[in-house]
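Worksheet for the structure shown next.
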Amino acid sequence: MQPGYPSQPPQPVDNNMTMSIVAIFLFWPLAIPAIINASKVNPLLQQGDHAGAQAAAAESKKWSKWALIVGIAWIAIVLVCCVGGSLLGAMTGNNASGY
């Protein structure tokens, strides 16, 4: 640090808690590590460990993205199967009522 220049405070770190909470509704097994890492960010910043906070935020973001990707892919697969099964049943003329 040069004399006469005030030190700049470290930039705030986004803990990605919102994305982690949204991800828990789509695929919770991968969202749990995201929430755990997101909850580590603010205490690390309070302790002055800026690098550790950034690493925890990056891990949180990684797990959240994977949870979102897997959850959205799963929903898409289920929708395709349901719509495809319904269309296939309608085209073949099968009646589920048994008459």
Side-chain angles (χ1 to χ4, degrees):
M1 182 168 87
Q2 295 179 355
Y5 290 105
S7 64
Q8 294 181 351
Q11 297 295 324
V13 178
D14 181 20
N15 61 8
N16 300 308
M17 184 62 82
T18 304
M19 187 164 59
S20 301
I21 291 172
V22 169
I24 205 161
F25 293 109
L26 293 174
F27 194 72
W28 65 266
L30 295 178
I32 290 174
I35 290 176
I36 291 170
N37 281 305
S39 66
K40 292 179 183 178
V41 173
N42 290 340
L44 288 171
L45 283 175
Q46 291 172 351
Q47 295 171 1
D49 186 5
H50 193 71
Q54 285 180 331
E59 283 292 309
S60 173
K61 189 173 186 178
K62 177 186 78 170
W63 286 107
S64 296
K65 281 185 178 182
W66 276 110
L68 291 171
I69 289 169
V70 171
I72 290 170
W74 179 254
I75 290 171
I77 289 169
V78 169
L79 286 175
V80 166
C81 289
C82 289
V83 170
S86 297
L87 290 176
L88 185 63
M91 289 189 323
T92 58
N94 290 341
N95 191 353
S97 66
Y99 291 113

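Only heavy atoms go into these numbers, but all of them, side chains included; no hydrogens, no water, no symmetry mates.
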Whether the side chain of Ser60 engages the backbone of Ala56 through a donor-acceptor N/O pair (distance < 3.5 Å, no angle test) should be reported. no
If Ile, Leu, Val, Met, Phe, Trp and Tyr residues are connected whenever their side-chain heavy atoms lie under 4.5 Å apart, and connections chain through other members, are [X] and [Y] in the same group?
X     : Y     : value
Val83 : Val78 : no
Phe25 : Trp74 : no
Ile32 : Ile21 : yes
Met17 : Met19 : no
Ile36 : Trp28 : yes

Heavy-atom closest contact ([X] atom, [Y] atom, distance):
X     : Y     : result
Ser20 : Ile35 : CB-CG1, 3.6 Å
Ala38 : Asn15 : CB-O, 3.1 Å
Ala67 : Ala31 : CB-N, 3.9 Å
Asn37 : Trp63 : ND2-CD1, 3.9 Å

Taking atom NZ as the centre, does Lys65 end up with more than 12 heavy-atom neighbours from other residues, nucleotides or ligands that are less than 6.0 angstrom away? no
Let me confirm one number: the CG-OG1 distance from Leu87 to Thr92, rounded to the nearest 0.5 Å. 10.5 Å
CG-CG distance between Leu30 and Leu68, expressed to the nearest 0.5 angstrom: 10.0 Å
